[in-house]
Asks: 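Here it is, the structure in full.
What's counted below: heavy atoms across the whole structure, side chains too, no hydrogens, waters or symmetry copies.
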Amino acid sequence: MPKYLSRRAFVGAIPAFAALSACSALSRAGATGSGSADQGGSIVLGVSGPRTGASAEYGQYWQEGFDLALEELNAAGGVDGRKVELKWEDSQSDPKQSVPIAQKFVADAAVIAELGDFSSGASMAASATYQQAGLVQFGFTNSNPDFTKGGDHMWSTSLTQEFYQTRAAQWIAGSYQRISVVYLESDWGKNSFDIFKAAAAEAGLEIAYESPIQPDSEDYRPVLIKARDAGPQAVVHLGYGPDGARIVRQLREIGFTGQFFGGQNTPQFLEAAGSAAEGTIIIENFLIGNDSPAVVDFNKRFKDRFGHDPSTFSAYAYDALNVLAEAVRRGGATREGVFKALSDGGRWKTVQFGEFEFSADRRPGDVTLLPVTVKNGAYVPAEAS
């Protein structure tokens, strides 16, 4: 039986001023799409992502994944004997900051590709700037389908929210008939829920109760009592790890004993949720708890390096950096070389998907997904009934 999962995404729109900003930046710098790195120096990739602000936790996950990838790449001689370096800019995952960061990267001829931003909204705001400059924008956590529609220089190793939420609803419908759903009061949360709701209806899954929630609330019990009293077999949470941990704890406090789908596959979720997480099925990703040799080996190397299990977001960052390094190896250390290598096709190796090929939407097109459950305080693969 196929196994599926879901993952968070962000919804955003490209502001009208982005194209003007791109042109302005190019004019000032005299840059073109033919930017290239100094042939005698390091290979430089730009990173636009959150190091401070509300999403700083995810920036830390990225940092660890990047650090491990860089250490391994450079210890092995880099790419064609050249060291790989990252140039970080803190965007706080804010569209107002991601655009000037894009202008800065575009104007720096040493930067041959960009990683980020964290949210689709922050990435998409800057896409016109990167597209105009011919600089690949690798939004590896951007599951809004519109991200890669921003131009042929937008690439991602994140699958779309339509893909994830549709398969999540199908997976849940294989075991349950009646559910309650809570989702974040945000663009991402509303979009995710709309997709999930449509897929649930098509799969014959009844939503007995639905409600948005505030991500920073400390008390969800007024909503959760209504969700419980609707008589669901399971409660589905579309959100992140911190709010997911509070929700599952409070659900158990008010006496709900049914199945919980939600949270995130991170060590922090297990710690914050405590014993209430037991039995949770994570509608997100497979990294911790997957027994494939490649994932087991990655988890061991990561834990040896940092002293704790990886977050899925650390794996996303690790994979993204390695894909771009391979693109440089295949196409050369220039903006055009990276773009050509990605566009030429072929198979790419990652931890999260194994080997895959990019499909027409410039996302992985042939992947196998695996949800996990919490058992005895640890993540293990979840089996559909």
Side-chain angles (χ1 to χ4, degrees), residues 3-8 50 54-65 67-68 118 141 164 168 171-172 182-184 213 215-221 224 234-292 295-318 351-352 369-384:
K3 305 180 179 74
Y4 304 101
L5 62 109
S6 170
R7 212 186 90 180
R8 50 128 215 98
S55 299
E57 174 184 357
Y58 298 97
Q60 179 59 38
Y61 298 151
W62 281 17
Q63 182 73 64
E64 291 177 336
D67 283 351
L68 183 61
F118 174 62
T141 59
Y164 284 122
W171 200 91
I172 293 169
V182 295
Y183 58 94
L184 290 185
I213 57 171
D216 55 354
S217 174
E218 293 296 326
D219 187 1
Y220 295 115
R221 280 168 289 199
L224 297 179
V235 171
V236 176
H237 158 250
L238 304 180
Y240 307 146
D243 43 284
R246 292 192 294 273
I247 284 171
V248 71
R249 288 200 318 266
Q250 291 170 22
L251 272 173
R252 300 316 181 198
E253 288 170 3
I254 64 172
F256 179 75
T257 58
Q259 180 62 54
F260 176 69
F261 292 87
Q264 285 182 320
N265 187 344
T266 66
Q268 290 77 9
F269 172 74
L270 289 182
E271 180 180 354
S275 61
E278 192 71 13
T280 293
I281 294 178
I282 309 296
I283 314 249
E284 185 192 304
N285 215 307
F286 68 85
L287 182 67
I288 307 172
N290 185 294
D291 58 2
S292 76
V295 174
V296 170
D297 182 60
F298 171 78
N299 288 347
K300 181 180 185 303
R301 288 184 284 111
F302 187 97
K303 193 166 187 176
D304 287 347
R305 171 63 176 82
F306 298 106
H308 58 82
D309 289 326
S311 159
T312 51
F313 295 95
S314 298
Y316 300 155
Y318 178 89
V351 170
Q352 57 184 316
L369 306 178
L370 176 67
V372 297
T373 188
V374 179
K375 184 176 181 180
N376 297 323
Y379 297 111
V380 298
E383 297 293 333

Asks: Please answer whether the main-chain N or O of Pro215 pairs with a side-chain N or O of Arg246 as donor and acceptor at a distance below 3.5 Å.
Replies: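 Yes, Arg246 side chain to Pro215 backbone: donor-acceptor pair under 3.5 Å.
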Asks: For Glu57 and Tyr240, which I'm curious about, is there any donor-acceptor pair between the side chains at under 3.5 Å?
Replies: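 Absent: no donor and acceptor within the cut-off.
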Asks: Does the side chain of Phe269 reach to within under 4.5 Å of the side chain of Asn265, using non-hydrogen atoms?
Replies: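 Heavy-atom side-chain distance check fails, nothing below 4.5 Å.
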Asks: Using 0.5 Å steps for rounding, measure from the OH atom of Tyr61 to the CD atom of Gln268.
Replies: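 One finds 3.0 Å between OH of Tyr61 and CD of Gln268.
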Asks: What distance separates Tyr220 OH from Glu253 CD, expressed to the nearest 0.5 Å?
Replies: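 Reported value, rounded in 0.5 Å steps: 13.5 Å.
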Asks: If we only count heavy atoms from C-beta on, is the Ile213 to Ile247 side-chain gap below 4.5 Å?
Replies: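 Yes, close enough: below the 4.5 Å cut-off.
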Asks: Have His308 and Glu271 got a donor and an acceptor in their side chains that come within less than 3.5 Å?
Replies: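 There is no such pair between these side chains.
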Asks: So, taking the atom named CZ in Arg221 and the one named CG in Leu251, what distance separates them when rounded to the nearest 0.5 Å?
Replies: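 Here the interatomic distance stands at 11.0 Å.
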Asks: Ignoring hydrogens and angles, tell me if any N or O in the side chain of Tyr379 forms a donor-acceptor pair with the backbone of Thr266 under 3.5 Å.
Replies: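 Looks like yes, one N/O pair under 3.5 Å.
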Asks: Kindly give the heavy-atom pair with the smallest separation between Pro310 and Pro267, and that separation in Å.
Replies: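 Smallest interatomic distance, heavy atoms only, reads O-CD, 3.9 Å.
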Asks: Got a donor-acceptor contact below 3.5 angstrom from the His237 side chain to the Phe260 backbone?
Replies: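 Between the backbone of Phe260 and the side chain of His237 there is no qualifying donor-acceptor contact (under 3.5 Å).
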Asks: Ignoring hydrogens, what is the shortest heavy-atom contact between Ser55 and Pro50? Give both atom names and the distance.
Replies: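 Looking at all heavy atoms of both residues, the closest pair is O-CG, 3.4 Å.
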Asks: Measuring from atom OH of Tyr318 to atom CG of Leu68, what distance do you get when rounded to the nearest 0.5 angstrom?
Replies: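 Nearest 0.5 Å value for the OH-CG distance: 5.5 Å.
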Asks: State, to 0.1 Å, how close Val380 and Lys375 come at their nearest heavy-atom pair, and which atoms those are.
Replies: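 So the two residues come closest at CG2-CB, 3.8 Å.
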Asks: Contact between Ile172 and Phe261 at the side-chain level, heavy atoms closer than 4.5 Å - yes or no?
Replies: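 Yes; the side chains approach each other to less than 4.5 Å.
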Asks: Going from CG on Asp243 to CG on Leu184, what distance comes out if it is rounded to the nearest 0.5 angstrom?
Replies: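 Here the rounded value is 4.5 Å.
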Asks: Is Glu64 reaching over with its side chain to a backbone N or O of Ala317, donor-acceptor style, under 3.5 angstrom?
Replies: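 No.
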Asks: Check step by step if side-chain contact (heavy atoms from CB on, under 4.5 Å) holds for Leu224 and Phe256.
Replies: CA-CA 9 Å; Leu224 297 179; Phe256 179 75; over 6 Å; no
Asks: Out of curiosity, Phe313 CZ to Phe118 CZ, how far, rounded to the nearest 0.5 Å?
Replies: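 These two atoms lie 5.0 Å from each other.
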Asks: Indicate the ring-plane relationship of Phe302 and Phe306, choosing parallel, tilted or perpendicular according to the 30° and 60° boundaries.
Replies: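 Tilted, since the angle between the ring planes falls between 30° and 60°.
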Asks: Which heavy atom of Ala273 sits nearest a heavy atom of Ala245, and at what distance?
Replies: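 Closest heavy-atom pair between Ala273 and Ala245: N-CB, 3.7 Å.
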Asks: For residues 275-283, which side-chain donor-acceptor pairs fall under 3.5 Å, sequence neighbours excluded?
Replies:
residue: Glu278; atom: OE1; partner: Asn376; partner atom: N; Å: 3.1
residue: Glu278; atom: OE1; partner: Gly377; partner atom: N; Å: 3.2
residue: Glu278; atom: OE2; partner: Asn376; partner atom: N; Å: 2.5
residue: Thr280; atom: OG1; partner: Ala277; partner atom: O; Å: 2.8

Asks: Under the 3.5 angstrom rule, does the side chain of Thr373 hit a backbone N or O of Ala382 as a donor-acceptor pair?
Replies: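 Pair absent, no side-chain N/O of Thr373 close to backbone of Ala382.
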